[in-house]
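See structure below.
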Amino acid sequence: MPILEPHAPHEPIRNWRGFLVHIATITIGLLIAIVLEQSVEYLHHVHQRHQLQRDLHEEAQRNRDILQGDLGLESQSEWFRTVLDATRLVPAGGQMSINLPSMPCIPGTLAANGTDAAVRATYFAPSEAVWSTAKD
């Protein structure tokens with residue numbers, strides 16, 4: 001029984017059997033190359049998926065922190081509405097003195113009302129950069 005060689009035969013192909021052996025050798029070589037390429041692609045996709053999962057988890061943690069801060073400011077929404085209503089009543093051409101209510105305490109702070117430079121609290125929108133990238 002002849003051994004399959006990875007190189008083309010040195011003598012010319014004289015019959016159908018030689019031709020089929022030659023074609024089978026080429027086909028097996030191509031299949032091996034395709035399997036190796038697809039294996040590398042699969043490992044690359046697995047790595048990308050794991051990186052995406054890590055990025056989504058980190059983004060979700062950052063968004064959770066942002067949303068907790070925003071929800072802490074929600075208790076001040078009545079004060080913000082009062083200030084907005086008071087400023088809407090100011091005439092455009094004249095000057096007017098407005099007496100605003102004192103800002104309420106930000107939850108989780110010790111008597112800080114948002115005017116301290118050390119305690120700044122503002123609303124932030126959650127990030128969706130990783131999710132948008134993953135969808136694309």
Original post:
Sequence neighbours excluded, which residues qualify as side-chain contact (heavy atoms from CB on, under 4.5 Å) partners of Leu56?
Top reply: Leu52, Glu59, Val130, Trp131
**OP:** Can you sort out the partners of Glu37 under side-chain contact (heavy atoms from CB on, under 4.5 Å), two or more places apart, ordered by chain and number?
**Re:**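 For Glu37 there are no side-chain contact (heavy atoms from CB on, under 4.5 Å) partners, ignoring immediate neighbours.
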When rounded to the nearest 0.5 angstrom, what distance separates [atom1] in [X] from [atom2] in [Y]?
X     : Y     : atom1 : atom2 : result
Leu20 : His22 : CG    : NE2   : 11.0 Å
Gln38 : His45 : CD    : NE2   : 8.0 Å
Arg49 : His44 : CZ    : NE2   : 12.5 Å

Subject >> Residue among Thr25, Leu30, Ile32 satisfying side-chain contact (heavy atoms from CB on, under 4.5 Å) with Ile28 >> reply: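 The passing option is Ile32.
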**OP:** Flag yes if Ile23 and Trp16 sit in one hydrophobic cluster, no otherwise; membership is Ile, Leu, Val, Met, Phe, Trp, Tyr, and two members link when side-chain heavy atoms are under 4.5 Å apart.
**Re:**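 Ile23 and Trp16: one cluster.
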Subject >> Neighbour count above 12 (heavy atom, 6.0 Å) for His47 NE2 >> reply: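 Atom NE2 in His47 is not crowded, with 12 or fewer foreign heavy atoms closer than 6.0 Å.
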Original post:
Mind checking who shares a hydrophobic cluster with Val35, ILVMFWY linked at side-chain heavy-atom distances under 4.5 Å?
Top reply: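 Hydrophobic cluster check, Val35: no partners found.
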Subject >> Heavy-atom side-chain contact between Asp65 and Arg62 under 4.5 Å >> reply: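 Of all side-chain heavy-atom pairs linking Arg62 with Asp65, none is under 4.5 Å.
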Subject >> Exercise: do Gln61 and His57 side chains pair donor with acceptor under 3.5 Å >> reply: yes
